[in-house]
2 protein chains.
Amino acid sequence: MTVTEPSGDQAWPRRRPSSIRDVARLAGVSHQTVSRVLNGHPSIRDVTKSRVLAAMDELQFRPSRAARILSRQRSQTIGILAAAVGAHYGPARCVSAVEDAAREQGYYASIARIGSVAPHAISAAIEDLLSQDVEGIVIVAPRTTVLSLLAELPMNVPIVAPQGDPRSASGIPVASVNQEAGARMVLEHLIRRGHQRILHLAGPPDWNDAQLRLRAYQAQLKEAGLPASPPLFGDWTADSGFEIGRTLTRATAGCSRKELPFTAVFAANDQMALGLIHAFRVAGLDVPRDVSVVGFDDIPESAHFWPPLTTVRQDFASLGARCVAMLLDAIGRAEDPAAPQESSSAVVEPQLIIRDSVASV
Amino acid sequence: MTVTEPSGDQAWPRRRPSSIRDVARLAGVSHQTVSRVLNGHPSIRDVTKSRVLAAMDELQFRPSRAARILSRQRSQTIGILAAAVGAHYGPARCVSAVEDAAREQGYYASIARIGSVAPHAISAAIEDLLSQDVEGIVIVAPRTTVLSLLAELPMNVPIVAPQGDPRSASGIPVASVNQEAGARMVLEHLIRRGHQRILHLAGPPDWNDAQLRLRAYQAQLKEAGLPASPPLFGDWTADSGFEIGRTLTRATAGCSRKELPFTAVFAANDQMALGLIHAFRVAGLDVPRDVSVVGFDDIPESAHFWPPLTTVRQDFASLGARCVAMLLDAIGRAEDPAAPQESSSAVVEPQLIIRDSVASV
DNA sequence: AGCGGAGATGTTAACGGTCACATAAGTGAC
DNA sequence: GTCACTTATGTGACCGTTAACATCTCCGCT
């Protein structure tokens with residue numbers, strides 16, 4: 001199993017890669033001509049161009065991004081500040097979407113992941129991005145702590161955040177999925193099916209999306225004249241959903257099924273819903289017969305949970321695209337303040353996916 | 001809901017950021033002194049140093065990475081070629097792990113994601129990375145097509161791949177989880193529980209891990225004198241697991257439970273196992289009573305599947321760390337061919353996680 | 001023929017760091 | 001007092017690219 005580097009020990013000579021001047025010499029032109037070929041300048045004769053191209057090919061020429069960034073004073077790069085990616089479906093999808101959208105617009109994307117939301121970690125990540133001359137930053141770290149900190153940080157590039165609170169006063173432009181609409185759909189669905197005692201299993205209180213969903217849950221219930229129980233807070237993981245489900249069922253261990261103090265739970269994401277369902281089943285409760293459960297996100301697996309999970313789908317791809325559009329617009333305005341402001345409304349509508357985890361009562 | 005950029009319309013002036021020369025002027029020293037402060041050079045008087053530091057602070061100085069890369073001829077950056085990240089748990093975790101490990105070693109990581117494995121997409125991604133002067137590349141694209149293509153591509157930096165086949169002749173150094181051991185654990189577990197007719201739901205045939213697990217499945221059954229059914233191929237998704245489960249149960253619709261042509265299925269990942277279980281349940285088959293199912297990966301949700309899934313845990317964090325260690329070692333050798341070769345064995349052992357999806361027969 | 005303008009190319013100077021080398025002052029040995 | 005050596009700092013070139021401006025040629029127009 002040892003992997004001694006095999007025969008192909010090319011001993012990468014680390015020879016200096018060829019520059020436009022090397023190409024120029026070989027092609028018998030000036031380096032500027034090579035640069036022009038590189039950038040598709042119109043006034044280059046075809047013969048010259050093909051000579052240059054041939055030389056590039058022969059020398060395995062590859063333009064240096066560092067040099068290019070240094071010389072024009074722009075990097076064609078946007079930064080992504082990412083918290084908790086990998087652990088969480090939404091943010092992870094969001095980052096991919098932003099990356100793709102950026103590339104599509106001819107921009108590079110550079111990601112700075114942060115493990116904690118400690119102020120120094122955040123400003124270090126921002127410094128990191130800024131030192132790469134990013135022209136703008138997308139904040140995929142939808143936590144109020146991060147956003148409010150950021151609002152104070154001296155920043156000389158535009159920033160945008162997906163999944164933030166559109167109404168927050170942080171001053172950071174925001175593109176977001178309409179969380180309120182998502183929560184409303186869920187509750188209307190539940191209420192229409194006759195549920196009256198609906199619990200909410202929320203995400204951590206300092207996450208924007210968690211806050212919005214919680215507020216929408218409360219508002220919606222109030223509007224319907226139904227009681228809102230104090231929210232339960234999980235940490236987005238299935239494990240936390242399970243734990244909370246356990247305490248919930250233990251607390252009501254004596255009750256017969258008909259007497260449960262709730263008939264439905266709205267979980268703030270699919271993973272917690274999964275854990276919750278697991279806990280219910282362990283306690284002998286059937287979903288949806290005894291309790292209905294709704295999730296949020298529509299992760300690819302939720303169609304195959306047991307029971308298949310009713311949930312809310314968020315279109316992360318278009319969220320990412322909107323974010324990038326807003327950011328690029330802001331960048332454009334910063335360069336040329338005369339430019340007209342693009343529409344900066346950016347709300348993506350979610351979609352209720354009805355499956356089998358909700359029953360009528 | 002519109003987000004007109006609020007009052008804080010600082011109209012980022014896009015003023016030229018300050019350079020070491022600006023700092024030098026303000027501090028009354030030469031630019032070189034500033035550079036030395038920046039790099040922690042020993043022979044700088046404390047007074048000078050603090051003057052420079054103060055000037056940096058006042059000017060909001062931030063060193064330009066592009067300039068630094070250009071002037072020393074190295075980027076302190078490794079590239080990551082990532083295929084199918086976001087969609088797949090293993091690769092995604094792997095990328096994160098490599099990033100973390102790189103940062104820990106003082107390197108930056110730059111990710112190039114590819115959507116397809118078409119040759120031009122791959123070489124474009126490699127070009128992209130190379131143009132950033134990456135000093136080495138980690139290939140998180142564990143498909144035979146990618147690796148064999150890469151082996152032929154002219155490359156003047158070291159590369160390493162996690163999740164590749166250690167025995168393959170591609171000539172690419174590989175760090176990997178011991179897939180064979182993982183598959184062996186699964187089958188021994190199943191056989192010990194009395195299973196004799198064990199199916200394998202494999203991943204796409206051009207994925208290294210899928211191949212390795214399939215081969216190990218076949219070898220192990222042969223060794224035990226048991227019949228190996230022709231493998232079923234999914235695409236890693238729960239959807240594909242479900243589809244295959246449906247055809248499987250439809251084909252055996254007439255059979256009573258005791259007459260199923262198999263008693264256990266070894267799925268090549270947890271998602272497919274989930275879809276499979278779903279299909280079984282839809283067909284009235286209970287897991288594990290009627291069929292046992294084992295997965296692979298131990299995604300965080302699998303403890304909360306129903307039934308909780310027996311699976312194989314892979315330690316992606318240490319896989320990433322080993323990869324980076326190997327790569328950095330290779331980079332070091334490329335610079336200084338005299339340097340001794342570090343141990344380049346890099347096999348991470350997996351772990352069987354026994355839960356409730358396997359019954360004895 | 002002379003002139004203006006466009007097309008194709010060359011020349012030189014940035015960009016913001018680092019490197020190799022030069023310089024100046026201080027320190028101790030003889 | 002001078003030499004060798006260290007410490008603290010400055011000077012100028014260089015990395016690979018683009019920007020600004022210069023040059024030269026060819027063309028049509030008057």
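The figures here come from the full heavy-atom set of this structure, side chains too, leaving out hydrogens, waters and symmetry mates. Residue numbering restarts at 1 for every chain, and letters A, B, ... go by the order of the sequence lines. Since the model is a prediction, treat every value here as computed from it, not as a measurement.
Heavy-atom distances to DNA chain C give each of Pro42(A) and Gln32(A) a nearest nucleotide, and the one nearer the 5′ end belongs to Pro42(A). When each of Lys49(B) and Arg72(A) is assigned the nucleotide of DNA chain D bearing its nearest heavy atom, the one mapping closer to the 5' terminus is Lys49(B).
Shown here for Ala101(B) and Ala321(B), the closest heavy-atom pair between the two residues is CB-CA, 3.7 Å. The two residues Ala66(B) and Asp133(A) come nearest to each other via the heavy atoms CB-OD2, 4.4 Å.
Rounded to whole angstrom, the span from the CG atom of Asp133(A) across to the P atom of dG16(C) amounts to 9 Å. Residue Leu70(B) contributes atom CG, which lies 12 Å from atom P of dT18(D) at whole-angstrom precision. Rounded to a whole Å, the CD1 atom of Ile20(A) is 16 Å from the P atom of dT9(C). Counting to the nearest Å, the P atom of dT17(D) and the CZ atom of Arg68(A) are 8 Å from each other. Remark: C1' of dG16(C) and CG of Asn39(B) are 13 Å apart, rounded to the nearest angstrom. Taking atom CG of Asp22(A) as the reference point, atom C1' of dT17(D) lies 13 Å away to the nearest angstrom. Computed from coordinates, the Arg45(B) CZ to dT6(D) C1' distance equals 15 Å when rounded to whole Å. The interatomic distance linking Arg51(B) (CZ) with dA8(D) (P) rounds to 14 Å, in whole Å.
Ser43(B) comes within contact range of at least one nucleobase, with a heavy-atom separation under 4.0 Å. Residue Ser35(A) is classed as a base contact, given a heavy-atom separation below 4.0 Å to a base. Heavy atoms of Arg65(A) sit nowhere under 4.0 angstrom from any nucleic acid atom. The residue Ile44(A) sits close only to the backbone: its heavy atoms come under 4.0 Å of sugar-phosphate atoms, none of a base.
Distances from the side chain of His31(A) to the nucleotides dT18(D), dA8(C), dC15(D) place dT18(D) closest. Closest to the side chain of Ser30(A), out of dT17(D), dT9(D), dT11(C), is dT11(C).
Counting distance only, with no hydrogens placed and no angle test, the side-chain atoms of Arg36(A) and the base atoms of dG10(C) include a donor-acceptor pair under 3.5 Å. No hydrogens or angles were tested; on distance alone, a donor-acceptor pair under 3.5 Å links the side chain of Arg21(B) to the base of dG17(C). Looking at His41(A), its side chain has no donor and acceptor atom pair within 3.5 Å of the base of dT9(C). Ser71(A) contributes a side-chain N or O that forms a donor-acceptor pair with the base of dT17(D) under 3.5 Å.
Contact annotation: Thr33(A) reaches the phosphate of dG10(C) (side-chain N/O to OP1 or OP2, under 4.0 Å). One finds no side-chain N or O of Thr48(B) lying less than 4.0 angstrom from the OP1 or OP2 phosphate oxygen of dA8(D). For the OP1/OP2 pair of dG16(D) and a distance below 4.0 Å, the side-chain nitrogens and oxygens of Gln73(B) include at least one atom meeting the criterion.
Asp100(A) and Arg103(A) are joined by a salt bridge, as a carboxylate oxygen and a charged side-chain nitrogen come within less than 4.0 angstrom of each other. Under a 4.0 Å N-O distance rule, the pair Arg25(B)/Asp22(B) qualifies as a salt bridge.
Side-chain contact between Thr77(B) and Glu135(B) is absent, with no heavy atoms from C-beta onward closer than 4.5 Å.
In summary, of the residues considered (Leu53(B), Val34(B), Val29(B)), a side-chain contact (heavy atoms from CB on, under 4.5 Å) with Thr48(B) occurs for Val29(B) alone.
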